[in-house]
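Step one of this worksheet: look at the structure below.
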There are 2 protein chains.
Amino acid sequence: MTVTLADVAARARVSAATVSRVLSGNYPVAERTRSRVLRAVEELEYVVNGPASALAAARSDLVGILVNDLADPFFGIIAGAVQEELSGAAGPGGEQLAVVCSTGGSPERELRYLTLLQRQRAAAVVLTGSASEDPEHARALTAKLARLSGAGTRVVLCGRPAQPASPAAEPPATLTTLAFDNRGGAQRLTAHLVALGHRRIGCAAGPAGRTTTGERLAGHRAALAAGGIADAPHRTVHGAYDRASGYDAAVELLRRDAGLTAIVAANDAVALGACAALRDRGLRVPEDLSVAGFDDLPFSADATPALTTVRLPLREAGARAGRLVTGREEPPPGGLATLRAELLVRGSTSVAYP
Amino acid sequence: MTVTLADVAARARVSAATVSRVLSGNYPVAERTRSRVLRAVEELEYVVNGPASALAAARSDLVGILVNDLADPFFGIIAGAVQEELSGAAGPGGEQLAVVCSTGGSPERELRYLTLLQRQRAAAVVLTGSASEDPEHARALTAKLARLSGAGTRVVLCGRPAQPASPAAEPPATLTTLAFDNRGGAQRLTAHLVALGHRRIGCAAGPAGRTTTGERLAGHRAALAAGGIADAPHRTVHGAYDRASGYDAAVELLRRDAGLTAIVAANDAVALGACAALRDRGLRVPEDLSVAGFDDLPFSADATPALTTVRLPLREAGARAGRLVTGREEPPPGGLATLRAELLVRGSTSVAYP
DNA sequence: CTGTTAGCGCATTCAG
DNA sequence: CTGAATGCGCTAACAG
């Protein structure tokens, strides 16, 4: 019923092996037979059976991309860039396909998807976004990545810190990390506020127990310390990376300290949520409170006032991950590259009016 | 080297068939042997070989999702919802994986990805967003979808109109369409402006030759006609679905007619670009010009002024597509459902001040 | 309920 | 440069 290699071979009056060679293009074939085969393929509308060839060749052309939430532009931009890069690297037989998996930030789902991708014998796996800080999960993840890597799957961590090496073995050579300088970016952001005279700065941080949250908080605290501002735990609240959390966080932060003059948010969506909360309470940004975001997603420039934020090279990171995965780019020395995080000062922050 | 079914079978002292049955869970197996097998799987850390089982079973657990641009939240939201729904339908052996493909709106790439998915023997394919209106491509697409469908791949069109039936055959029964009421939404939107007294309304439309663009323009024109406003071709410009196009479109529209009192945009991003252009020229929204978007992406509520727009049930559409694909939802009667498009009046539109 | 027997469709040896 | 033979790892009848 469905046409196979053998059918094509018969029609082109060659052996199946020859057809296979023509299609893979990785072996010399006489020009005449070659075109004869190609014509037969056309006429029969033959389409290779992917699973069969993956089985025989012991490798597939699937690349896994793990994200927290596809609907979040942060991940959409990264995943889109990775995928774009895959299609740019049209290999011999065809090109690689991106399998996108949303983990929702759950370490269990992360592991489960990795198993699913392992089952598919994925050519590569790209893990994006923050990782769980739970030591047990970190261990399980390291083990799983080592296994994947051992099976020939390339692994790229994109926008997350290097995976802690397992006690026993060295991290596999096929493991590359593209980290964001979250700490540095956060530090520069808070330093900017401190320089503007802010001393009571609320922090609407991301979910607890995630590397990105930890890094950004560390940068924030370092800047506070550098500015001689005492650590005030009650000025930090944790929440999800979304608008609603930002709204709630702002309300809660003001409840705890009505004298706040600024709020740094976990990301742009959270910042906009915070702005909305302030607006609803009759507070103006930045006259009454400064608000800052993180990531510089496209919409943050269109908010009013435009959001001061930290720009992360999302697209570049994804594209690089894609090139790493397709072998078109050499891994950075040591397998680790840290990507710049650039402070973008816009309208939502200004000097503190006490 | 890599552990196979046979290894597990040997360790559990059963036949390979039994192991297979335990793992697929679609056949009765004694509880004792079952747990014995499961233990062996654990101990050996066995992971099924996907390609092998796909080959033998003649079906894979991959679901293709075609989008224009993953970085655009419009598609991120839909794709995310589809994928989420796939993971919710944990089948016996595991769950389905989403293969996301960005076509960039190119009909050629669309066709090429469909072939790639056909090669993977995908269980289903979801095509999202607008389609090309080119008759030749429409024909090619219809043929390709028929072939996929004939091979047992379910096909869902999500957010695009029904594919024109091929002259010869009826559309396959496994083809379901979830269309957005773009025309109705656009009509209500423009009618809203007309009701506010606007008569010189510019239109920053989407790319020419795409179904979504055509539908929204048709709605727009219908509302104009209903309001007794003459068709003015120079008041419509075409561009991409992004912010930059919106900026350019606004500039061009004002150049052609400086007396415009409103602009309806192809989508929210275009609308925000238009707003930025107006702002740069010292025009206020909505006092000097009203501006309206389309889609109601999350950020459009945070713009200032908040965007009047048409809400499309993106998440719902994606989720439904996902359920259709996993067979958890019955196709609508006739294989076609049209999803509501709801007018959302916010701050960016107001009465016309001539 | 379980084991045996055949392929699934293709990529690779190895000969020629 | 081409063909014949072998097996990738698993599922699906078919018996028992």
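To find a chain, count down the sequence lines: A is the first, B the second, and so on, and within it residues start at 1. Keep in mind the model is a prediction, meaning the values are calculated, not measured.
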Assign a letter to each nucleotide of nucleotides 8-16 of chain D from its 5' end: B, base within under 4.0 Å of a protein heavy atom; S, sugar-phosphate only; -, no contact.
-> BBBBBB---
With a 4.0 Å cut-off, would you call R154(B) and E329(B) a salt bridge?
-> no
Mind checking salt bridge (Lys or Arg N to Asp or Glu O under 4.0 Å) for R147(B) and listing every partner two or more places apart, or none if nothing turns up?
-> E45(A)
Give me the first and last nucleotide of DNA chain C, going 5' to 3', that has any atom under 4.0 Å from a heavy atom of chain B.
-> dC1(C) to dG9(C)
Please identify each residue that fulfils salt bridge (Lys or Arg N to Asp or Glu O under 4.0 Å) with E85(A), with sequence neighbours left out.
-> R323(A), R328(A)
What pairs of donor and acceptor atoms, side-chain ones from residues 122-132 of chain A against any protein atom, are under 3.5 angstrom apart with sequence neighbours left out?
from	atom 1	to	atom 2	distance (Å)
T128(A)	OG1	L66(A)	O	2.7
S130(A)	OG	R210(A)	NH1	3.0
S132(A)	OG	D134(A)	N	3.1

Is R36(B) reaching over with its side chain to a backbone N or O of A12(B), donor-acceptor style, under 3.5 angstrom?
-> yes
What residues, two or more places apart in sequence or in another chain, satisfy side chain to side chain donor-acceptor pair (under 3.5 Å) together with S35(B)?
-> none
Pair R39(A) + E43(A), salt bridge at N-O below 4.0 Å = yes
